[in-house]
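Below is one structure, written out as structure tokens; comments come after it.
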Amino acid sequence: MTNDTIYSRFKEIAEKYPDDPAIIEDDRTVSFSNLDAMADCILAKFYDRIPSPEYVGIVMSHGAEQVAAMLAVLKSGAGYIPAEPTLPQERIDYMMKSAGAGFIINDNFCRHLKLAKRHTADRSQPDGVAYVLYTSGTSGEPKGVVVENHSVVNYSEAFEDEFHVGPGDRMLQYSVCSFDIFVEEVFASLLNGAAVCIPSAAVHNGSLQGLMDFVERYGVTIVDGFPYLLAEMNKLPRIPSCVKLIISGGDVIRASYITNLKDKGIKIYNTYGPSETTVCSNYYRVDNAEPLDDGTFPIGRPVKGVEVKLLDKDLKEVGKGETGEICILGEGVSRGYLGNPPEQINFVTLQDGRRMYRSGDLGYELPDGNIAFLHRRDDQVMILGKRVEPEEVENVLNTCPCVERGIVRAFLDDNGLHYLVAYLMPKAGCKLHDIKAWLSARLTDFMMPEYFVKMKEIPITKRGKARMEALPVVMKEGGV
């Protein structure tokens, strides 16, 4: 395990490149030294009142202050819990309460900062908590993944080892803060001396061309995102020449998504890895590779500091070409989940003392040693690159006062992308608007079913399970 933490590694970079840009926004540039000073100012505001919180919530708009707040929390020795301000308040409240957040830093907390440095001690530890990311859970509530400092530092080293990122590089910050791509965008950049370019909300939520104008205006060299962003970029007549690297993660990438991009001299990578193993465990370059028979690409080989095994149900290695569960060991394996959700069983301690995470994903080893992803072993799906448990959505649907009974199932469109369908028996007077309002107050946007089917009754088996073959399938045309 490294002796460094996220903050100590950041501090080294800030002292080595104090005047280099760390955060670039449309209306300002913040240097590494100024970002460090900003973090100190934020830390000073809560240090005397609550000197040793275990967890601190961060519910902020994207920008330099948000990143500085994360660094401040990390320097204090606490872990941060990120949440977008646009999330349903009930979901934010659950996250903060279940984690026992000492307090929450918001935009107002960080206004009118005085950039006079106050040197507070760095209390962070390599095995201390860095952050908690909440993901979809089968219990009907999100579950928090606890990631330690050393895992993020190792990942930043693996990122540099593969992509050779450093001073002069500029990374686009496009992901929401509650997804681990954000960790890659921000910390894998800053801890290697690269700048993070953060578009305004108007640019982020606007047209793709507007985003590409931002990329060109500030010389972004690395674009990181879900496969759907690549697919849309693939349709553009031109891509800014400053872009040298595109990284895709969160879902399978298909050859049809990069037909034009691969001819522009840009390196394109497919990446794989659950939040439980700190951003990514595997990389595979696709712009110079042939796709598999199904039109997708392999997920490649393990990154630095990580080991990946393909195991059967008895945790024995399968042969080359045989299907096995993708199991991950090494520096990236997180501490586990807050509390004790049923999924905690997927963290396994081996006889030699090493900890392993069973991903629930199935794959097989290709003749060249790369790993190909097949599918989940359970009902979990990826929607817009984000993990969704249909059972969680179903549980929330069944708490709606005007729903007698409901079930939620995932289906594939013509392009092999998942979408959710809700089947429900509404009570008298129940309106679809009421059901959607109930769900949207408790679920994030990407978890909302795309279709709602009114049923007189839901066909069930003798054991009380829904009979899938008896449910009408709402077909969806393939699209990004």
Task: Side-chain donor or acceptor of Thr221 paired with backbone N/O of Arg170 under 3.5 Å - done: yes
TODO: Indicate the atoms forming the closest heavy-atom contact of Cys327 with Met356, along with that distance.
DONE: CB-SD, 3.6 Å
- [ ] Please check if the side chain of Ser151 supplies one atom and the backbone of Glu331 the other of a donor-acceptor pair under 3.5 Å.
- [x] yes
Open item on the list: When you compare the side chain of Ile58 with that of Met70, does any pair of heavy atoms fall below 4.5 Å?
Closed with: yes
TODO: Would you mind listing every salt bridge (Lys or Arg N to Asp or Glu O under 4.0 Å) that reaches into residues 171-186, with sequence neighbours excluded?
DONE: none
TODO: Please step through side chain to side chain contact (heavy atoms under 4.5 Å, CB included) for the pair Glu162 and Val303, ending with a clear verdict.
DONE: CA-CA 8 Å; Glu162 181 69 35; Val303 305; over 6 Å; no
- [ ] Heavy atoms only: give me the nearest Leu172-Pro199 pair and the separation to one decimal.
- [x] CD1-CD, 4.0 Å
Open item on the list: Which heavy atom of Ser359 sits nearest to which heavy atom of Ile326, and what is that distance?
Closed with: OG-O, 2.6 Å
- [ ] Identify, with sequence neighbours excluded, every residue that meets side-chain hydrogen bond (donor to acceptor under 3.5 Å, both in side chains) alongside Asp368.
- [x] Asn370
TODO: Mind checking side-chain hydrogen bond (donor to acceptor under 3.5 Å, both in side chains) for Gln209 and listing every partner two or more places apart, or none if nothing turns up?
DONE: Asp213
Task: Asp445 atom CG: more than 12 heavy-atom contacts under 6.0 Å - done: no
TODO: Decide yes or no for Thr5 and Leu74: does some side-chain heavy atom of the first lie under 4.5 Å from some side-chain heavy atom of the second?
DONE: no
Task: Selection residues 93-113 - residue pairs positive for salt bridge (Lys or Arg N to Asp or Glu O under 4.0 Å), sequence neighbours left out - done: none
TODO: Report the relative orientation of the aromatic rings in Phe163 and Phe159; use parallel for angles under 30°, tilted for 30 to 60°, perpendicular for over 60°.
DONE: perpendicular
- [ ] Check the pair Leu208, Leu211 against side chain to side chain contact (heavy atoms under 4.5 Å, CB included), reporting the backbone distance first and the verdict last.
- [x] CA-CA 5 Å; Leu208 179 61; Leu211 183 66; 4.2 Å; yes
Task: Whether Tyr337 and Phe347 hold their rings parallel, tilted or perpendicular, with breakpoints at 30° and 60° - done: perpendicular
Task: Rounded distance (nearest 0.5 Å) linking atom OH of Tyr257 with atom CD of Glu232 - done: 10.0 Å
Open item on the list: Ile105 vs Phe46, test: side chain to side chain contact (heavy atoms under 4.5 Å, CB included). Steps then yes/no.
Closed with: CA-CA 9 Å; Ile105 299 176; Phe46 69 78; 4.1 Å; yes
Open item on the list: Checking Phe187 now: which residues fulfil ring-ring contact (aromatic ring centres under 6.0 Å, His included) with it, not counting sequence neighbours?
Closed with: none
Open item on the list: Can you list everything that forms a side-chain hydrogen bond (donor to acceptor under 3.5 Å, both in side chains) with Tyr283? Sequence neighbours excluded, please.
Closed with: Tyr155
Open item on the list: Quick check against the 3.5 Å criterion: does Tyr134 have a side-chain atom that pairs as donor or acceptor with the backbone of Ile81?
Closed with: no
Task: No-hydrogen, no-angle side-chain donor-acceptor test under 3.5 Å, Asp19 and Ser31 - done: no
Task: Check: Asp127 main-chain N/O paired with Arg335 side-chain donor or acceptor under 3.5 Å - done: yes
Side chains of residues 240-248: which donor-acceptor pairs under 3.5 Å do they make with residues two or more places apart or in other chains?
| from | atom 1 | to | atom 2 | distance (Å) |
| --- | --- | --- | --- | --- |
| Lys244 | NZ | Ser241 | O | 3.3 |

Task: Results of side-chain hydrogen bond (donor to acceptor under 3.5 Å, both in side chains) for Arg9 - residues two or more places apart only - done: Asp4, Glu157
- [ ] List the atom of Ile13, the atom of Asn192, and the distance in Å for their closest heavy-atom pair.
- [x] CD1-C, 4.3 Å
Task: pair Val56-Phe103: side-chain heavy atoms closer than 4.5 Å - done: yes
Open item on the list: For Arg28, is there an ion pair with Glu65 - N to carboxylate O distance below 4.0 angstrom?
Closed with: yes
Task: Spacing of Gln66 atom CD and Ile23 atom CD1 [to the nearest 0.5 Å] - done: 9.0 Å
TODO: Please check if the side chain of Asn34 supplies one atom and the backbone of Val30 the other of a donor-acceptor pair under 3.5 Å.
DONE: no
Task: Any side-chain heavy-atom pair of Val165 and Ile222 under 4.5 Å - done: yes
Open item on the list: Which residue in the set Glu365, Glu317, Glu325 passes salt bridge (Lys or Arg N to Asp or Glu O under 4.0 Å) when paired with Lys309?
Closed with: Glu317
Task: Tyr364: ring-ring contact (aromatic ring centres under 6.0 Å, His included) partners, not counting sequence neighbours - done: none
Open item on the list: Please list all pairs meeting ring pair (Phe, Tyr, Trp, His ring centres under 6.0 Å) that have one or both residues in residues 52-75, counting only residues at least two apart or in different chains.
Closed with: His62-Phe182
Task: For the student: nearest non-hydrogen atoms of Val196 and Gln173, plus distance - done: CG1-CB, 3.6 Å
Task: Distance-only donor-acceptor check, side chains Tyr7 and Asp36, under 3.5 Å - done: yes
Open item on the list: For Pro126, is there any backbone N or O sitting under 3.5 Å from a side-chain donor or acceptor partner on Glu148?
Closed with: no
- [ ] Find the distance between CD1 (Ile299) and CD1 (Ile371) and round it off to the nearest 0.5 Å.
- [x] 5.0 Å
Task: Distance, nearest 0.5 Å, that separates CD1 of Ile258 from CE of Met233 - done: 12.0 Å
Open item on the list: In the structure I gave you, are the side-chain heavy atoms of Val223 and Tyr174 within less than 4.5 Å of one another anywhere?
Closed with: no
Open item on the list: Test side chain to side chain contact (heavy atoms under 4.5 Å, CB included) on Glu276 and Asn346; report intermediate values, then the result.
Closed with: CA-CA 10 Å; Glu276 289 83 352; Asn346 292 322; over 6 Å; no
TODO: Quick one: list whatever passes side chain to side chain contact (heavy atoms under 4.5 Å, CB included) with Asp287, sequence neighbours left out.
DONE: Lys262, Lys267, Ile268, Arg285
TODO: For Lys264 and Ile239, indicate whether the former's side chain and the latter's backbone hold a donor-acceptor pair under 3.5 Å.
DONE: no
Task: Spatial distance of atom CD1 (Ile181) from atom OG (Ser175) [nearest 0.5 Å] - done: 5.0 Å
Task: Flag side-chain contact, heavy atom, 4.5 Å: Glu392 against Pro142 - done: yes
TODO: May I ask you to decide if Tyr284's main-chain N or O and Asn270's side chain share a donor-acceptor pair within less than 3.5 Å?
DONE: no
Task: From Arg91 atom CZ to Thr444 atom OG1, the distance as rounded to the nearest 0.5 Å - done: 5.0 Å
Task: Ser281 side chain near Tyr357 side chain, heavy-atom distance below 4.5 Å - done: no
Open item on the list: Would you say that Pro88 contacts Leu443 through its side chain, given a criterion of any heavy-atom pair below 4.5 Å between the two side chains?
Closed with: no
- [ ] List in chain and number order the residues that pass ring-ring contact (aromatic ring centres under 6.0 Å, His included) with Phe297, two or more places apart in sequence or in another chain; answer none if no residue qualifies.
- [x] none
Open item on the list: For a quick test of reading the model, state the closest non-hydrogen atom pair linking Gly305 to Asn154 and the distance between them.
Closed with: CA-OD1, 3.8 Å
Open item on the list: When you measure from the side chain of Asp312 to the backbone of Val318, do you find a donor-acceptor pair of N or O atoms at a distance under 3.5 Å?
Closed with: no
